[in-house]
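Worksheet: the structure to be examined is printed underneath.
For the numbers below, each heavy atom of this structure counts, side chains included, while hydrogens, waters and symmetry mates do not. Here the structure is a predicted model, which means the values were calculated and not measured.
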Amino acid sequence: MFGLGWPEIVALVVIALLVFGPEKLPQAAAQAGKTLRNLRRMANNARDDLRTGLGPEFADFDPADLNPKNFVRKHLTADLEDDWKSTPATAEPAPAYPAGGELGYGEIPPYDSEAT
């Protein structure tokens, strides 16, 4: 729950008891719950209004895609992943190096598909 462990939750409850007192704590918790529900409903309504305003062309639009990390992952690395998936898993083995270990003029170095 929000990355909090039991010691942190207990500490928050103790602080809430000290701040609000045992009489007003249930009322404060109920008010916080109502506020969170209202905020969630407002966010969902705003997302739905945005989708309807954009029209059917953007039916698959997700506001989370506007996050720069998600945008880069979706638009830039998707092409790379498609290329990796389309590359055959087995390739020809690389030819052996010449006995001296050096390449002559104009020779192409061997390519090891497993090394990359």
Expected list for residues 39-46: side-chain donor-acceptor pairs under 3.5 angstrom, two or more places apart:
residue, atom, partner, partner atom, Å
R41, NH2, N38, OD1, 2.6
N44, OD1, R47, NH1, 3.4
N44, OD1, R47, NH2, 3.3
N44, ND2, R40, O, 3.4
N45, ND2, R41, O, 3.4

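- Scanning for side-chain hydrogen bond (donor to acceptor under 3.5 Å, both in side chains) contacts around N70 gives R73, with sequence neighbours left out.
- Hydrophobic clustering (side-chain heavy atoms under 4.5 Å, transitive across Ile, Leu, Val, Met, Phe, Trp, Tyr) keeps V14 apart from W6.
- The same ILVMFWY cluster, assembled from side-chain heavy atoms under 4.5 Å apart, contains both L12 and I9.
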Give every donor-acceptor pair under 3.5 Å between a side-chain atom in residues 20-35 and any protein atom, sequence neighbours left out.
residue, atom, partner, partner atom, Å
T35, OG1, Q31, O, 2.9

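- For CD1 of I108, the number of neighbouring non-hydrogen atoms (other residues, nucleotides, ligands) closer than 6.0 Å is 12 at most.
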